[in-house]
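Values in this document were obtained by computation on a predicted structure and should not be read as measured data. Below, all heavy atoms of this structure are taken into account, side chains as well, without hydrogens, waters or symmetry copies.
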Amino acid sequence: MMIEFKPDIKDNIVVYNAFEDNRNTGRVLLTVEKTKAVLVNIQAVDDETAEGLIRSALNAAANRDGYSCVYQPEEFRNVAAMLGFRNENGVLVGEIPFLLTGSCCGCSKNCQ
């Protein structure tokens with residue numbers, strides 16, 4: 001089975017929906033304002049789908065001059081941490097180019 005991510009992008013609002021076997025399995029909403037992106041909402045059936053949605057939204061933000069991103073949802077914070085979002089005073093933040101390079105566990109070691 002293959003997961004398909006379909007964009008619905010209007011101006012500074014990025015929405016991706018995930019589909020598996022024609023069934024909607026997730027959705028992410030991200031906004032971009034100048035170089036700052038905010039991942040506002042995510043729903044997904046599992047961590048793998050959530051990761052794909054987050055990466056898709058971050059890539060779209062980067063294509064719209066987004067450089068940094070704030071992760072607001074309470075859901076899938078483990079996935080956000082694995083991608084490299086870090087906690088700064090209770091807020092998960094990251095630089096999009098580094099978040100998109102991937103990480104084994106979100107640590108600062110260069111494992112790759």
Side-chain angles (χ1 to χ4, degrees):
M1 291 184 235
M2 189 168 104
I3 301 171
E4 183 179 8
F5 301 104
K6 293 185 178 181
D8 182 12
I9 301 170
K10 291 182 178 74
D11 299 322
N12 67 330
I13 299 172
V14 174
V15 175
Y16 269 86
N17 285 286
F19 292 92
E20 193 169 356
D21 295 330
N22 294 322
R23 182 175 58 95
N24 187 302
T25 57
R27 181 177 189 272
V28 66
L29 168 65
L30 178 142
T31 61
V32 183
E33 189 65 41
K34 297 188 181 179
T35 62
K36 183 180 177 184
V38 178
L39 200 144
V40 178
N41 188 302
I42 185 164
Q43 303 158 346
V45 294
D46 55 31
D47 287 357
E48 180 182 47
T49 302
E51 180 181 350
L53 286 166
I54 293 167
R55 287 183 183 277
S56 295
L58 290 173
N59 190 57
N63 288 337
R64 284 153 186 78
D65 296 325
Y67 180 77
S68 65
C69 185
V70 173
Y71 186 94
Q72 290 183 337
E74 291 301 318
E75 300 82 14
F76 300 104
R77 291 175 84 79
N78 60 318
V79 175
M82 182 271 306
L83 290 172
F85 280 92
R86 64 191 180 286
N87 189 326
E88 287 186 4
N89 301 319
V91 178
L92 289 181
V93 297
E95 289 79 32
I96 294 170
F98 300 106
L99 297 171
L100 288 174
T101 60
S103 172
C104 61
C105 62
C107 67
S108 59
K109 299 176 187 172
N110 290 330
C111 304
Q112 298 176 352

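Closest non-hydrogen pair, Ala50 versus Ala44, comes out as N-CB, 3.7 Å. Residues Glu4 and Lys6 share a closest heavy-atom pair of OE2-CE, 3.3 Å. The minimum heavy-atom distance linking Asn89 with Asn87 is given by the pair N-OD1, 3.7 Å. Heavy-atom minimum distance, Phe85 versus Cys69: CE2-O, 3.7 Å. Residue Gly52 comes nearest to Phe5 through the heavy atom pair CA-CZ, 3.6 Å, listed as atom of the first residue, atom of the second, then distance.
Using a 4.5 Å cut-off on side-chain heavy atoms (C-beta onward), Pro7 and Val14 make no contact. At least one side-chain heavy atom of Arg64 sits under 4.5 Å from a side-chain heavy atom of Ile9. In this structure the side chain of Tyr71 reaches within 4.5 angstrom of the side chain of Ile54, judged on heavy atoms. By the 4.5 Å heavy-atom criterion applied to side chains, Ile96 and Tyr67 are not counted as neighbours.
With Asn12 contributing its side chain and Val32 its backbone, the two residues share a donor-acceptor pair below 3.5 Å.
In the hydrophobic clustering of ILVMFWY residues, with side-chain heavy atoms under 4.5 Å counting as a link, Val28 and Phe19 come out apart. In the hydrophobic cluster analysis, where Ile, Leu, Val, Met, Phe, Trp and Tyr join through side-chain heavy atoms closer than 4.5 angstrom, Val40 is grouped apart from Leu92. Cluster annotation: Met82 is connected to Leu39 through the hydrophobic network of ILVMFWY side chains, with a link wherever side-chain heavy atoms come within less than 4.5 Å. In this structure, Tyr16 is a member of the same hydrophobic cluster as Leu100, with clusters built from ILVMFWY side-chain heavy atoms closer than 4.5 Å. One hydrophobic cluster holds both Val15 and Val38 under the rule that ILVMFWY side chains link at heavy-atom gaps under 4.5 Å.
Using a cut-off of 4.0 Å between Lys/Arg side-chain N and Asp/Glu carboxylate O, Lys10 and Asp8 are scored as salt-bridged.
Ser56 OG to Asn17 CG: the interatomic distance, rounded to the nearest 0.5 Å, is 11.0 Å. To the nearest 0.5 Å, atoms CD (Glu74) and CG (Asn41) are separated by 11.5 Å. Taken from CG in Asn24 to CD in Gln43, the straight-line distance is 8.5 Å, to the nearest 0.5 Å. One distance of note links CD of Glu75 with CG of Asp47; it measures 12.0 Å at 0.5 Å rounding. Taking CD1 of Ile3 as the reference point, atom CZ of Arg23 lies at 10.0 Å (rounded to 0.5 Å). Distance check, rounded to the nearest 0.5 Å: CZ of Phe76 to CG of Asp46 gives 7.0 Å.
At most 12 non-hydrogen atoms from other residues, nucleotides or ligands lie less than 6.0 angstrom from CD of Glu48.
With Leu99 as the partner, the side-chain contact (heavy atoms from CB on, under 4.5 Å) test is satisfied by one option alone out of Leu58, Val93, Asn59: Leu58.
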